[in-house]
Structure formats: C-alpha cells, structure tokens
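First up is the structure itself, then whatever we jot down about it.
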Amino acid sequence: MADLAIHKKHFLSERVAHFTESVIREMTRQAMLHDAINLAQGFPDFPAPAEIKRAAQEAIGADVNQYAITWGAKSLRGAIAQQIETRQGVAVDPEKQVTVCCGSTEAMISTLLAVCNAGDEVVIFEPYYENYGPDSILSGARPRFVKLKPPRDAEGEWTFDERELRAAFHKHTKAIIVNTPNNPTGKVFSRRELELVRDLCVEFDVLAITDEIYEHILYDGSKHISMASLEGMQDRTITVNGMSKTYSVTGWRVGWTIAPPRITDAIRKVHDFLTVGAPAPLQEAGASALRLPSSYYVNLAEGYRRRRDQLVPALTAAGFRCFLPRGAYYVMTDISRFGFPDDLAFTHYLVSEIGVAAVPGSSFYRDPKDGEQQVRFAFCKRDQTLDEAAKRLSKVQAARRS
Ligand code: GLN
C-alpha cells in the first residue's frame, strides 16, 4: 500500500497534531519490552477484592449482559449518590445528576466536550495528569496552566501563588480542573485552597471540574474535601470519580460524573454517542463495591501508606530527592543529583539498564524543561515488587559513580 505521505491529502484532522501519545501508557509498553518492573503507569499488580470479583461473576451469570441504561445502571447511580451524601454531605439526585462512563477518563473528556466552546480556556494546575491537556484541546479549549511549586524540604507541601491563580481567570475562562488528591504530586488540597478556587469560580462565573479518583488514598491524617461540598459550589461543580483506584480494577473502565442536572443532560448526550454505556455487569459489581464497610477504605489507605513508606526510603537511599505524597499512590522525585541531561535520558537508562520503568517528569508539564529533572514512580504494587524495585534502584548511584 502506498505511503499516505505521497498523497496530497494527509487525511488527518488538525486537532490530532496538537498532542502526542500518552507517555504514561508508552512507559508500560517499554517496561514490557525490557522486562522491567513497571512503576510507571498507576495500576495495582495485586488482586482486586474477592467480593467485588464475585459480584461481577454473579452479574454475568445472572445475564446482566446487555446494555445498561446509557447513563448508568440504577443500582450503581444510587450507590454513588448515597456515598457522596454520606461521606461529603452533598445531596445528589441519582436520576438527574449522575452519569456512569467508561472510566473517569471518559467522564473527564465527556464533561469537557459538554461544556467547552472553541476559544474557552480551562485552568489546570501544573504538573498535571497528562490527559487534561489533550482533553482540553479535543474539546476546543485552550489549557491555561498555574504552577504548583515543589516543597523546599522532604516534608513540605506543594503550593501555588494566589496571584498567579487569580491572573489565570478572565472572561474566556470556562472551567478549572482540580485533581485532589493530586497526580503526580500527591498534594491534597486544603479547605483554604479549595475556598480560594471557589471564590474565583464564583467571581468569574466558572465551573470546577474536580477529579477525585484518589479520594480514599490519604496519608498522615490528611482529609479529602469534595469541591461540591463547599458552599456555593454545588451548581458549578462536576465531580469526576471511578472504581479503578478505590477497588483496584483499572481495567474495568467504570467511572462517573456528578453534576448539576442541566450539565448532566449535556454530559449524558456526549457520553451516549461516544460509548453508549459502561460495561453492564461491572456496573452491578460497582453497586456492591460502593457499599463495602468503612473498614475497607481504612485498610486501603493503610496498605498504600505502608507501600509509600517502603518505596520512598529506598528511592532516597538510591539518591533521589522525594517529595512525600499526602495522598494518591505516586511519588514525584528530583533526579538532579544523578547528572543526567534530562528525564527522558534518565528514564531510558532506568528501564533498559536498571530494569525499572518510571514516568519522565516532562510529561506532566507544558514546557518539557520544567520537568526535565523530575521522575514519577507509582507504588501501587505488591511488597515483593517494591522490594525487587528497591534492589534494582540501589544500583543507580553505583552505576553513576563508576
Ligand atoms: N492514572 C494513571 C497514571 O497516572 C494511569 C491512568 C491511565 O493510564 N489511564 O499512571
């Protein structure tokens, strides 16, 4: 077949020229290629809870095998509404405000497609989960970045400059994306910080789209606060969440949005024509997962605290400077001590010679230079995986010294 390049028409849309493939997903492919330990993409390598798997098997056995209602099985929507009401005090009508999507990835892009026009701007804290950039571009909006500054010492917090945040808001601003607990930094936004965002959203008549997928993964007594629970935000918040991280089922692709009814109508239209619906039997399993006792969530967070406290000292001993996460299951590190020209060279060395895959920091920044001395590790892995990774990582410094 003739190469497309020789045709006058190249057939590709202009929008796909403005972003690249996901680096996170690429690093998983690299890990497989080099038979390396995958601390790149954030998915667990341990089993999902038995009762959730059983619920999925039973749903398939009971022939829940045809389309669910486009915007989600009633049982799951009911459980979602009940959970946010119980945990965050936010009253939600499951008939009018919940849309079940194929993962929070689809929830996010369906939301942006439902609310953005060409020329709108979307404010995003940077470093940011890489999907938000392409999601904004695909929906016609322009991302506008506000810096999260790394902590000065290992125990400190990532912070932002209030003036810089205010300066990002103006008449073309449609929405701000807030991801708390945050990927990749592990920052958990405080009430005061969320109130600052709230005040700007109200003043400039802007929506808050909050990705709360790590809401249950918290350390050191930090608390998750839903943006929708803040006074004045219920009518302008779209909460994005899903089963993947909370129930260790990233491959199930079950996520959702919670939004005011008029915005939900728009999200449901987009979602319907994009995917029709999320997997029906897995939604039934989701309804039982969301009703697990609170001890499940305590154990989940404690398990990840243990893993964090296993990986971070190993990275520190190997010569990384770690920014201690307060939530989510990633640790951002500074690699400047190793003297590599950039993060891409470093992660290539790491995956091919040390046998550990990580995500280059530049993939979380608009300007690659800002992340060229940073690398992100995921610690949602079994003890033995983290032990083996630690053993391999201890060779990094030795390799540099020799
Ligand atoms: N959230 C995960 C990460 O940051 C990956 C999610 C995905 O690849 N869809 O690694």
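One-based numbering, in listed order, for ligands and for the atoms of each. Residue numbers count from 1 along this sequence.
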Judging by distance only, is a nitrogen or oxygen of [X] under 3.5 angstrom from one on ligand 1?
X	result
N183	yes
I24	no
K245	yes

What residue and heavy atom of the protein are closest to atom 3 (C) of ligand 1, and at what distance?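 The closest one turns out to be Y330 OH, 3.2 Å.
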
Give me the residue, atom name and distance of the protein heavy atom closest to atom 6 (C) of ligand 1.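 Residue, atom and distance for the closest contact: Y129 OH, 3.1 Å.
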
Are F189 and F125, when compared by the centres of their aromatic rings, separated by less than 6.0 Å? yes

Pair Y296 + Y247: ring centers closer than 6.0 Å: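 Yes.
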
Return the minimal non-hydrogen interatomic distance between V115 and K174, and the atom names on each side. O-NZ, 2.6 Å

Would a distance-only check, ignoring hydrogens and angles, find a side-chain to backbone donor-acceptor pair under 3.5 Å from N179 to P181? yes

Nearest heavy atom to atom 8 (O) of ligand 1, choosing from R253, Q41, R376, belongs to Q41

Using 30° and 60° as the class limits, which term best fits the ring planes of F346 and F340: parallel, tilted or perpendicular? perpendicular

Short N-O contact, E231 and R198, less than 4.0 angstrom: no

Between R382 and D45, does at least one N-O distance fall below 4.0 Å, as a salt bridge requires?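 D45 and R382: salt-bridged.
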
Ligand 1 contact on Y214 by region, counting heavy-atom pairs under 4.0 Å: side chain

What part of E130 sits under 4.0 Å from ligand 1 if we count only heavy atoms: the side chain, the backbone, both or neither? neither

Quick check on contacts: which atoms of ligand 1 are under 4.0 angstrom from a heavy atom of G42?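 This gives 2 (C), 3 (C), 10 (O) as the contact atoms.
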
